[in-house]
Amino acid sequence: MQDLIFTQNYKNNDTLRNSFFKLAADTFDIHFEGWYQQGYWGEGYIPFSFVDGDRVVANASVNVLELIIHGEKKIAIQIGTVMTHPDYRGRGLSAQLMNKILEKYENKCDYMYLFANESVLDFYPKFGFGPVEEHLFSMDFTANQMQSASIRKLNVANPDDLSLIQKLSSERVPVSQHFATHHAQGIFMFYCLNVFSDDIYYLENENVIVIYQKEDNHIDLFDVVSLNETKMKDILQQIADEDTEKVTFHFTPDDQGTDLQSSITNEGLFVRTNGENLYPVQVKHPITSIA
């Protein structure tokens with residue numbers, strides 16, 4: 001076995017890119033090819049990898065984005081797709097990649113964070129990351145039956161619909177000024193193509209995209225994509241029906257009123273702060289920008 005070579009940001013190298021895609025598919029059942037072919041691998045997504053010959057054998061990816069916290073923009077690095085080929089495990093490759101990321105970015109951002117699975121909860125504290133509780137918000141809701149809406153389900157296999165999703169998401173305002181992500185379109189488009197492809201709706205009169213699932217009397221609201229700030233209750237009036245009784249928000253809604261309930265949820269969030277920046281409490285990271 002020859003010495004491993006460190007490399008990064010090899011989007012335009014067909015051999016390494018395809019090897020990276022195969023490792024992600026084998027490790028996490030994540031499929032990047034369609035996302036790449038549609039042009040959604042932007043400059044803010046940077047894989048840090050070890051290569052054996054022409055094969056990627058270990059990786060930790062950087063996503064450069066912004067966090068919106070109480071209306072202020074903060075520079076953030078979200079780390080994801082941390083993986084090692086089974087034949088190369090036990091050699092400390094993930095730790096080496098984490099150290100390379102810290103060396104490059106720790107003084108160039110306000111926050112670093114990641115979402116870890118249960119098998120590696122003891123790994124990230126070694127690099128200064130601490131676990132953070134999230135809060136999942138929900139509310140009781142009754143639809144106003146006088147409300148009418150023009151809702152069209154979007155199909156990501158339709159080029160016109162996909163172009164509409166891309167355009168609105170590239171120009172959108174953050175889903176919340178209380179807490180949200182910004183400049184995370186690449187991750188968002190991955191979710192549209194691979195996770196929520198059957199759950200994307202267009203409110204034609206408002207020029208707003210809503211990603212949600214409705215089952216029985218419950219709506220799970222995953223994202224609201226708009227060019228302007230919206231009133232969440234107005235959006236809900238348009239997507240709810242007479243059976244709707246409860247809405248769960250998979251992001252932090254701006255309306256922090258008394259009708260919102262919250263419960264602690266543990267999604268494996270680990271945060272490393274820089275200087276005096278404290279990660280806000282009682283917030284939910286938008287699900288459509290979790291790497």
Point to revise | Contacts of Lys153 that satisfy salt bridge (charged side-chain N to carboxylate O under 4.0 Å, His left out) - sequence neighbours left out | key: Asp198
Review point. Can you list every pair that meets salt bridge (Lys or Arg N to Asp or Glu O under 4.0 Å) and has a residue in residues 8-29, with sequence neighbours left out?
Key: Lys11-Glu43, Asp14-Arg17, Lys22-Asp26
Review point. Using the ring of each side chain (for Trp, its six-membered ring), is Tyr111 parallel, tilted or perpendicular to Tyr279, with breaks at 30° and 60°?
Key: perpendicular
Check your understanding: Are the charged groups of Glu106 and Arg272 less than 4.0 angstrom apart, N to O?
Key -> yes
Practice item. Just say parallel, tilted or perpendicular for the rings of Trp41 and Tyr10, cut-offs at 30° and 60°. Key: perpendicular
Review point. Thinking salt bridges, do Arg152 and Asp161 make one under a 4.0 Å N-O criterion?
Key: yes
Exercise for review: Any pair with a residue in residues 218-230 that passes salt bridge (Lys or Arg N to Asp or Glu O under 4.0 Å), sequence neighbours left out, goes on the list, sorted by first then second residue, please.
Suggested key: Arg172-Asp223
Practice item. Return the set of residues passing side-chain hydrogen bond (donor to acceptor under 3.5 Å, both in side chains) with Arg89 (not counting sequence neighbours), or none when no residue passes. Key: none
**Study point:** Sequence neighbours excluded, every pair satisfying salt bridge (Lys or Arg N to Asp or Glu O under 4.0 Å) that has a member inside residues 67-78
**Key:** Glu72-Lys74
Practice item. Report the relative orientation of the aromatic rings in Phe20 and Phe32; use parallel for angles under 30°, tilted for 30 to 60°, perpendicular for over 60°. Key: parallel
Check your understanding: Would you call the rings of His178 and His70 parallel, tilted or perpendicular if under 30° counts as parallel and over 60° as perpendicular?
Key -> perpendicular
Contacts under 3.5 angstrom, residues 187-195 side chains, donor-acceptor by atom type, not counting sequence neighbours:
{"from": "Tyr191", "atom 1": "OH", "to": "Ile287", "atom 2": "O", "distance (Å)": "3.4"}
{"from": "Tyr191", "atom 1": "OH", "to": "Ile290", "atom 2": "O", "distance (Å)": "2.7"}
{"from": "Asn194", "atom 1": "ND2", "to": "Phe190", "atom 2": "O", "distance (Å)": "3.0"}

